[in-house]
Amino acid sequence: MTPRSPADIRSRLDAWQALSGACLALFVCVHLILEGPEVLSPSLTDAIGWLLEATFAAQIAAPLIVLLILFHFWIAARKMPFRSGELKIFVDHSKALNDPDTWLWLVQVFTAVIILAGAFFHVYTVMTDMPISVAETTKRLHNGWLLFHVIFLPCVILHTGIGIWRLAVKFGYCSKTARETWRRRIWVGMGCYLLLGALALTRAWCQG
Ligand code: HEM
């Protein structure tokens, strides 16, 4: 068997990064849609929470999602500017290139670090404070978690939206001519999710 070349390994890691990122993006979209009904009917959200617990979907998904986030971060970290001086060089290059996609990548790195730490605390708190219900959410928000979600929600949405954009460009779904349309679609999508999430949090906060 011929040994794999470094380029071979790099493209395999890129493929795993894309696949794990796509799965996480799908999870985030489904998660926020499941949170959405809270805006209209808290009892519907309670029923969804009960169903997720009774079928063990939440108990099974929680550790798997945390592992997937760790895996995704571990692969992506090889390209992140962590070493001293790397970040400054990256910012200097971004300024010189004046390319929006280069800046977006920096936003990805920044939000990734917040999500990595935040997702673990979020999942741990929700799963050790069952049931999954609006009453529990309201209690948590009034106990100090509101500030966490005010920071966490935009980070998750930005990271997911930019991630989808980068996947579309990388895998050729978004051609040069269609870039503006894709860009607009993704910004609108992110705006809708932000509004939905913010309204769900506001509704839960007002139940208290
Ligand atoms: C299976 C594991 C998970 C469960 C059971 C869960 C459950 C919940 C619940 C009940 C809330 C309402 C707020 C609260 O009660 O504290 C919430 C909000 C939120 N979660 Fe999760 N979550 C999980 C994983 C994740 C992950 C991995 C992410 C992101 C990477 C995430 C992102 C968010 C965001 C952004 C909000 C705020 C949305 C809103 O406005 O309501 N969650 N989650």
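Here the structure is a predicted model, which is why all the values come from computation and not from measurement. Ligands are counted one by one from 1 in listed order, and the atoms in each one are counted from 1 as well. Sequential numbering from 1 along the given sequence is applied to the chain's residues.
Remark: minimum distance from atom 26 (C) of ligand 1 to any protein heavy atom is reached at Phe27 CE2, 3.5 Å. Looking from atom 4 (C) of ligand 1 to the surrounding protein, the closest heavy atom is Val126 CG1, 4.3 Å. What sits closest to atom 32 (C) of ligand 1 on the protein, heavy atoms only, is Phe152 CE2, 3.5 Å. Counting protein heavy atoms only, atom 30 (C) of ligand 1 is closest to Ile115 CG2, 4.0 Å. The shortest contact between atom 13 (C) of ligand 1 and any protein heavy atom is with Thr137 CG2, 3.5 Å.
With a heavy-atom cut-off of 4.0 Å, His122 touches ligand 1 through its side chain alone. By the criterion of a heavy-atom distance under 4.0 Å, neither the backbone nor the side chain of Trp145 is placed next to ligand 1. Only the side chain of Leu32 comes within 4.0 Å of ligand 1, judged by heavy-atom distances. By the criterion of a heavy-atom distance under 4.0 Å, both the backbone and the side chain of Leu153 are placed next to ligand 1. Of the heavy atoms in Ile65, only side-chain atoms (C-beta onward) come closer than 4.0 Å to ligand 1.
If you take CZ on Phe71 and CD on Gln17, they are separated by 9.5 Å, rounding to the nearest 0.5 Å.
Side-chain atoms of Ser20 never come within 3.5 Å of backbone atoms of His72 as a donor-acceptor pair (strictly under, hydrogens ignored). Not one N or O on the side chain of Glu35 forms a donor-acceptor pair closer than 3.5 Å with the backbone of Ala200. When atom types are taken as modelled, the side chain of Asp46 and the backbone of Val134 share a donor-acceptor pair closer than 3.5 angstrom. At least one donor-acceptor pair under 3.5 Å links the side chain of Gln59 to the backbone N or O of Glu53.
Between Trp205 and His142, the two ring planes are parallel [angle under 30°; tilted spans 30° to 60°]. Ring orientation note: the planes of His149 and Trp145 are tilted relative to one another, at an angle of 30° to 60°.
Scanning all heavy atoms of the two residues, the minimum distance from Ile69 to Ala119 falls at CD1-CB, 3.6 Å.
Surrounding CZ of Phe56 are at most 12 heavy atoms belonging to other residues, nucleotides or ligands under 6.0 Å away.
Heavy-atom proximity to Leu201, at under 4.0 Å, picks out these atoms of ligand 1: 39 (C), 40 (O), 41 (O). For ligand 1, the atoms lying closer than 4.0 Å to a non-hydrogen atom of Val123 are 24 (C).
For atom 15 (O) of ligand 1, the nearest non-hydrogen atom from the set Glu53, Arg140, Met130, His31 belongs to Arg140. The nearest non-hydrogen atom to atom 37 (C) of ligand 1, considering only Arg203, His159, Glu35, His149, comes from His149.
Looking only at side-chain heavy atoms (C-beta outward), Leu146 and Arg140 stay at 4.5 Å or farther from each other.
Not a single heavy atom of Glu136 sits under 4.0 Å from any atom of ligand 1.
Of the N or O atoms in Gly197, one or more lie within a sub-3.5 Å distance of an N or O in ligand 1.
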